[in-house]
Amino acid sequence: MFKRQDRNRERVVRMFRKKKVDLKKNITECYIENGWAYVSCNVSGIQDIIDPYSVEGHEWLKPDFVHFIEDNAYYIPIDYPILLEICGVRFGNRDQETIRTTIKRYYSLRIGDMQDDIHNSMKRIILFSALSVLFLALDVLSIVYHWPQAVIEILGVLFWFFIWEAGDNLIYEMMESREKKAFMAQMDTMEVKFVRKFNDQAMSEKESEILLEKVLEKEEALQQEAEEEEVTEE
């Protein structure tokens, strides 16, 4: 009896280990329609979106709301624009504008965080690369001029340490920061739609093209404005 139970457990374990799903198909079925990725959420009021500690004019997103939309957006390929459908309440124009502005501000700041991370990673790469070159030169000199073996070994270790750190920042930290920045940019350009009741029906192909064109024009205008401000500051 016990042997049969053990064999059944082994079969279950093997089954779990071999289990596979078609992730791309699941993502397409759950989120993608006519070139857009849909994320729908149900709220009972603006208090489900805006943090209650926020003051008027400086609103901030509620962590639970951010967690929900980012958890869903995580699976969406970066080449799809996102349409966030907020369902359950008939928001007035003022509340709609507040929510849109707060979402935009939140993700613009997150993009800024990622830009700082990339900049800091680049500075570390330059520093570690310079130190690795320095210790390589010293290591060569130590061999040429027959310095003590202990010094030669320490210089060699320091060279490999700094070259490893430079590579680690380049391959892992900077790439991860760039991916996060791209994700935040995708969230930043997210279009927000308010519906009283959820309706599992996507936009028509023509509507999606028109909306995408508007989003692209808006983002290009904002980017141009930011570039002009940078030139003015310089």
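In this text the structure is predicted, and so the values were computed from the model without any measurement. One-based numbering along the sequence shown.
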I'd like to check [X] versus [Y] (side-chain heavy atoms, cut-off strictly below 4.5 Å). Are they in contact?
{"X": "N169", "Y": "M174", "value": "no"}
{"X": "I103", "Y": "L84", "value": "yes"}
{"X": "Q149", "Y": "I152", "value": "yes"}
{"X": "W147", "Y": "L155", "value": "yes"}

Between S177 and I118, which heavy-atom pair has the shortest distance, and what is it?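 Taking every non-hydrogen atom into account, CB-CG1, 3.6 Å.
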Tell me the closest heavy-atom pair linking M184 and I111, and the distance in Å.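 For M184 versus I111, the nearest heavy atoms are CB-CG1, 3.7 Å.
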Starting from [Y], can I reach [X] by hopping between I/L/V/M/F/W/Y residues whose side chains sit under 4.5 Å apart?
{"X": "L138", "Y": "Y145", "result": "yes"}
{"X": "F159", "Y": "V140", "result": "yes"}
{"X": "F161", "Y": "L131", "result": "yes"}
{"X": "W160", "Y": "V157", "result": "no"}
{"X": "L109", "Y": "V66", "result": "yes"}

Co-members of W164 in a cluster of I, L, V, M, F, W and Y side chains, linked at under 4.5 Å: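 ILVMFWY cluster around W164 holds nothing else.
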Between S129 and I126 (side chain of the first, backbone of the second, donor and acceptor by atom type, cut-off under 3.5 Å), is there such a pair?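 Answer holds: no.
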N/O donor-acceptor pair under 3.5 Å between E59 side chain and G57 backbone: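 Answer holds: yes.
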Testing the 3.5 Å rule here: is there a donor-acceptor pair between the side chains of S40 and E85?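 Yes.
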Going by the rule side-chain contact (heavy atoms from CB on, under 4.5 Å), which residues pair with V43 if we only count those two or more places apart in sequence or in a different chain?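 V43 satisfies side-chain contact (heavy atoms from CB on, under 4.5 Å) with C41, D48, I49, I86, V89, F91 only.
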Could you list the residues that satisfy side chain to side chain donor-acceptor pair (under 3.5 Å) with S132, not counting sequence neighbours?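 For S132 there are no side chain to side chain donor-acceptor pair (under 3.5 Å) partners, ignoring immediate neighbours.
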Tell me the salt bridge (charged side-chain N to carboxylate O under 4.0 Å, His left out) pairs involving residues 106-119, sequence neighbours left out?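 Non-adjacent pairs meeting salt bridge (charged side-chain N to carboxylate O under 4.0 Å, His left out): E70-R110.
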Does any pair with a residue in residues 20-47 pass salt bridge (charged side-chain N to carboxylate O under 4.0 Å, His left out), and if so which ones, sequence neighbours excluded?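 Qualifying pairs: none.
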How long is the span from the [atom1] atom in [X] to the [atom2] atom in [Y], to the nearest 0.5 Å?
{"X": "L127", "Y": "F162", "atom1": "CG", "atom2": "CZ", "result": "7.5 Å"}
{"X": "R100", "Y": "R105", "atom1": "CZ", "atom2": "CZ", "result": "15.0 Å"}
{"X": "F128", "Y": "S121", "atom1": "CZ", "atom2": "OG", "result": "10.0 Å"}
{"X": "E165", "Y": "I125", "atom1": "CD", "atom2": "CD1", "result": "11.0 Å"}
{"X": "Q96", "Y": "N93", "atom1": "CD", "atom2": "CG", "result": "5.5 Å"}
{"X": "K197", "Y": "N42", "atom1": "NZ", "atom2": "CG", "result": "11.0 Å"}

Not counting sequence neighbours, which residues clear salt bridge (Lys or Arg N to Asp or Glu O under 4.0 Å) with [X]? List them please.
{"X": "R94", "answer": "E56"}
{"X": "E176", "answer": "K180"}
{"X": "E173", "answer": "R124"}
{"X": "E97", "answer": "none"}

Output side-chain donor-acceptor pairs under 3.5 Å for residues 72-82, partner residues at least two apart or in another chain, one line each.
from, atom 1, to, atom 2, distance (Å)
N72, OD1, Y31, OH, 3.1
N72, ND2, F68, O, 2.9

Would you please name every residue forming a ring-ring contact (aromatic ring centres under 6.0 Å, His included) with W60, sequence neighbours left out?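 Testing W60 for ring-ring contact (aromatic ring centres under 6.0 Å, His included), a comparison that skips the adjacent residues, returns Y106.
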Return all side-chain donor-acceptor pairs below 3.5 angstrom for residues 187-195, not counting sequence neighbours, or 'none' if the list is empty.
from, atom 1, to, atom 2, distance (Å)
D188, OD1, S108, OG, 3.0
D188, OD2, K104, NZ, 3.1
T189, OG1, A185, O, 3.2
T189, OG1, Q186, O, 3.1

